[in-house]
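These notes are about the structure you will find just below.
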Number of protein chains: 4
Amino acid sequence: MKTSKRDLILDSAVKVIAEKGYQYTTTQSIAREAGISKGLIHFYFENKLDLLLSVFLLFLQKINSINQEKLSSPGDPVDRLKAVFATFQDLLFRDKKSLYWGKLINERLPQADAIKSETMKIKRQAIVNENKKLVKCIDELIKEGQSRGMITTALKPQVLRQIFGGSSQVLTWRMYLQSSREGHFEYDQDDVRSAMETLIEKFTVKGGKK
Amino acid sequence: MKTSKRDLILDSAVKVIAEKGYQYTTTQSIAREAGISKGLIHFYFENKLDLLLSVFLLFLQKINSINQEKLSSPGDPVDRLKAVFATFQDLLFRDKKSLYWGKLINERLPQADAIKSETMKIKRQAIVNENKKLVKCIDELIKEGQSRGMITTALKPQVLRQIFGGSSQVLTWRMYLQSSREGHFEYDQDDVRSAMETLIEKFTVKGGKK
Amino acid sequence: MKTSKRDLILDSAVKVIAEKGYQYTTTQSIAREAGISKGLIHFYFENKLDLLLSVFLLFLQKINSINQEKLSSPGDPVDRLKAVFATFQDLLFRDKKSLYWGKLINERLPQADAIKSETMKIKRQAIVNENKKLVKCIDELIKEGQSRGMITTALKPQVLRQIFGGSSQVLTWRMYLQSSREGHFEYDQDDVRSAMETLIEKFTVKGGKK
Amino acid sequence: MKTSKRDLILDSAVKVIAEKGYQYTTTQSIAREAGISKGLIHFYFENKLDLLLSVFLLFLQKINSINQEKLSSPGDPVDRLKAVFATFQDLLFRDKKSLYWGKLINERLPQADAIKSETMKIKRQAIVNENKKLVKCIDELIKEGQSRGMITTALKPQVLRQIFGGSSQVLTWRMYLQSSREGHFEYDQDDVRSAMETLIEKFTVKGGKK
DNA sequence: GATGAATGAGCTTTCATTCAT
DNA sequence: AATGAATGAAAGCTCATTCAT
């Protein structure tokens with residue numbers, strides 16, 4: 001089954017943006033990467049920003065969709081927290097291409113002046129919503145863990161979320177950079193997984209009730 | 001004592017680039033922020049990229065300089081590690097303006113194609129060196145702590161560095177975002193400090209010998 | 001009897017070009033107006049310019065055809081002159097849609113560079129010929145009126161033609177503008193008719209022989 | 001004394017727009033005509049539309065300024081009406097370059113979407129005001145003439161204004177076309193002047209009181 | 001030192017036109 | 001006949017950089 005051109009453009013955009021950064025990505029270069037003409041991008045996407053937002057949205061939707069499934073069955077909040085961050089790693093380490101996503105998250109959006117049309121507002125709102133969903137999901141697991149005495153209350157949930165999220169991001173980002181260089185590997189994928197598990201465990205309280 | 005024009009430009013660049021991103025920052029807007037003319041920027045800096053690199057370099061030099069001083073007297077590696085990350089926070093939370101630095105660190109560099117002249121190569125190399133110095137400083141403290149049984153050996157030094165560094169970055173970055181919005185504060189400066197201390201302590205081994 | 005697709009395209013083109021101007025009219029918008037696909041336009045017309053020229057030609061042919069019929073029976077040159085300009089008004093005021101024609105006449109042609117193929121040259125020549133026929137028709141009526149002492153000889157025939165034609169055009173153009181706005185009517189269709197008759201009469205000589 | 005670059009651009013714009021029409025004029029071609037770079041146009045003018053509006057405004061201001069002076073001293077409304085249309089001709093026939101103005105008046109503006117900034121709204125309003133001033137000036141002269149029995153009341157003032165204005169425009173436009181071709185002159189400048197005078201006289205009533 | 005007019009490469013975006021279906 | 005995905009030339013516009021003053 002052949003891939004649709006729209007998906008091809010999205011894939012190419014993820015790759016080029018990951019490599020150069022959104023700021024430095026030209027529509028030309030995305031087109032070159034996809035092996036199509038410049039014009040076709042604007043056939044499928046309203047403009048460059050729309051393309052970027054579409055990429056973001058797709059990623060967040062994937063994450064949330066997997067999380068929702070994982071969290072449908074009951075379980076220990078600490079285990080569930082580990083599972084959520086594993087989702088993140090799973091998605092990124094699935095194949096080399098997926099790693100680009102990890103870099104994308106840090107991307108800075110340009111001045112929002114370009115958001116004029118209703119379509120763009122809707123898309124932007126959708127991203128905000130998906131993001132809130134993800135944040136809320138993590139925060140609630142932490143809060144539950146804390147109230148059940150399983151996670152330390154020494155730090156605010158929001159701060160813990162930042163520590164977990166920040167570590168996850170930076171570890172992954174570094175993996176991406178390694179993958180594009182050669183011969184220089186500080187750590188590998190398994191290190192990242194165990195690092196995240198260890199990190200979360202460090203903040204769990206041993207005698208917490210089940 | 002009056003600030004030199006060069007420093008004025010650097011300060012303005014930090015602010016504007018932190019807000020808009022390098023690519024979306026115009027020399028015009030930096031000049032406007034500094035209250036000088038566009039042309040003067042090119043009198044003090046070879047080009048726009050030179051200005052960005054100068055900003056990076058300045059920041060790294062500041063960090064390393066403070067660290068060098070702090071680490072000149074002997075001490076417990078865990079305490080020294082805390083001190084190093086405190087340097088980071090001290091520098092960024094010194095005043096509102098300094099927070100821009102925290103944002104800037106995430107900034108991507110443009111394709112290296114623009115680096116042609118010898119001056120630029122030298123400056124880039126200087127940045128790489130300063131960065132290596134900082135990384136080496138942290139890695140060695142961690143290694144020392146591990147060999148003395150004070151820091152867990154469950155994770156590689158490089159991985160621990162990523163966790164500490166990533167958390168520090170993300171926590172600060174969030175603070176910057178908060179500072180530019182209004183009314184919505186998830187945590188404050190003190191939370192960040194204690195978070196970093198707690199984080200490091202979590203990876204220390206209680207019975208390690210002095 | 002169903003309208004042919006070609007005529008449908010021509011009609012839609014008249015409307016859209018009258019509203020937006022040739023350069024600002026996209027083939028897309030003509031297709032949308034006609035309820036057909038973009039590609040079909042190029043099946044019936046060589047290119048966009050061909051479509052514009054076809055519209056012009058059609059209009060001139062209509063005018064000349066009606067005039068030819070009107071002037072087939074003999075009559076007073078002044079009356080015939082009135083009749084010719086009435087043709088113009090009749091055609092434009094026939095229905096709301098026809099008013100677009102009045103707007104179109106002012107439309108400029110693009111640089112002739114685009115006219116490469118033989119077909120296009122032929123079409124352009126056809127327009128020039130139809131136009132000459134119309135001009136000649138008016139000029140000859142004026143000349144006849146002058147030589148028979150019915151029209152003032154104070155002004156050259158070409159100048160009188162400009163006065164009659166210019167007034168007719170501007171009066172109609174204004175009507176078109178009124179029709180697309182609301183509530184503001186300086187004059188109506190009947191005013192235009194009587195204005196043209198009055199104008200021509202002003203230049204007739206009372207005691208001219210029959 | 002050297003001409004300012006801004007005026008140079010305005011002059012070149014008038015010329016190129018008159019030749020090709022606004023629709024078909026590129027900023028590139030204006031720059032080429034002026035012998036400057038593309039970018040400089042956007043240094044002096046916000047965008048292409050701003051340039052066109054500036055050209056319009058300048059022309060209307062010139063006309064109104066001359067009219068105001070002419071009408072400062074009292075006089076017969078018919079004579080004053082002739083004077084006003086003479087202003088028009090004077091301005092256009094002053095030199096070859098000025099003739100371009102005559103063509104400009106018919107130009108069609110692009111979709112007004114481009115009018116976003118406050119500057120543009122102000123400029124556009126200024127044009128509307130100048131135009132209203134011109135129209136009002138003519139209408140009042142006609143009304144005064146009618147109420148004093150010097151001008152026929154058979155036609156509404158607005159209709160008479162169209163006839164006078166339309167004839168003037170078309171006669172001038174034709175002169176412009178002649179000037180760019182060679183060897184084919186249907187009438188000259190003097191014909192236009194006397195045509196306008198004759199035209200106005202035709203609508204005056206002989207026995208009107210002074 | 002300091003200015004800002006002037007340049008021109010390069011960007012995003014539009015759209016007539018083609019052509020496989 | 002009819003469609004619309006795909007192309008690519010060309011448009012308006014931005015902005016780092018230069019340089020005469």
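To find a chain, count down the sequence lines: A is the first, B the second, and so on, and within it residues start at 1. Just so we're clear, the structure is a prediction, and the values are computed from it rather than from any experiment.
- Inter-residue side-chain proximity for B:S117 and B:N47 is flagged as unmet; no heavy-atom pair is nearer than 4.5 Å.
- Aromatic ring orientation, B:Y176 versus B:Y100: perpendicular (interplanar angle above 60°, classes split at 30° and 60°).
- In this structure, C:K97 contributes its side chain and C:V14 its backbone to no donor-acceptor pair below 3.5 Å.
- B:I9 places its CD1 atom 14 Å from the P atom of F:dA16, with the value rounded to the nearest Å.
- D:K20 places no side-chain N or O within 3.5 Å of a backbone atom of D:T26 that could act as its donor or acceptor partner.
- For the pair C:R32 CZ and F:dT3 P, the interatomic distance rounds to 14 Å; values are reported in whole Å.
- Taking side-chain N and O atoms only, C:Y44 has a distance below 4.0 Å to OP1 or OP2 of F:dA2.
- In this structure, D:K5 reaches the E:dA6 phosphate: one of its side-chain N or O atoms is under 4.0 Å from OP1 or OP2.
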So if I define the base as every atom that isn't primed, P, OP1 or OP2, how would nucleotides 14-21 of chain E read as a B/S/- string at a heavy-atom cutoff under 4.0 Å? BSSBB---
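- Separating the CD1 atom of D:I41 from the P atom of F:dC15 is a distance of 18 Å, rounded to the nearest angstrom.
- Rounding to the nearest 0.5 angstrom, the gap separating the CG atom in B:L57 from the CG atom in B:N129 is 9.5 Å.
- In this structure a side-chain-to-backbone donor-acceptor pair under 3.5 Å is present from C:E107 to C:Y22.
- Considering CD1 of B:I9 and CD of B:E33, their distance stands at 12.5 Å, rounded to 0.5 Å.
- Nucleotide F:dA6 holds its P atom 8 Å from the CD1 atom of A:I36, rounded to whole Å.
- A:L51 places its CG atom 14 Å from the C1' atom of E:dT13, with the value rounded to the nearest Å.
- For the side chain to side chain contact (heavy atoms under 4.5 Å, CB included) criterion with C:T27, the lone passing option out of C:V16, C:L40, C:L51, C:I41 is C:I41.
- Note on the helix from E:dA2-F:dT21 to E:dT21-F:dA2: angle between the axes of the first and last five pairs equals 10°, rounded to 10 degrees.
- Within the 4.0 angstrom heavy-atom criterion, no nucleotide atom of any strand lies near A:F45.
- To the nearest angstrom, P of F:dA6 lies 13 Å from CZ of A:R6.
- Regarding D:L52, its CG atom lies at a distance of 12 Å from the P atom of F:dC13, rounded to whole Å.
- Counting only distance, with no hydrogens or angles, the side chain of B:K48 and the backbone of B:T25 share a donor-acceptor pair below 3.5 Å.
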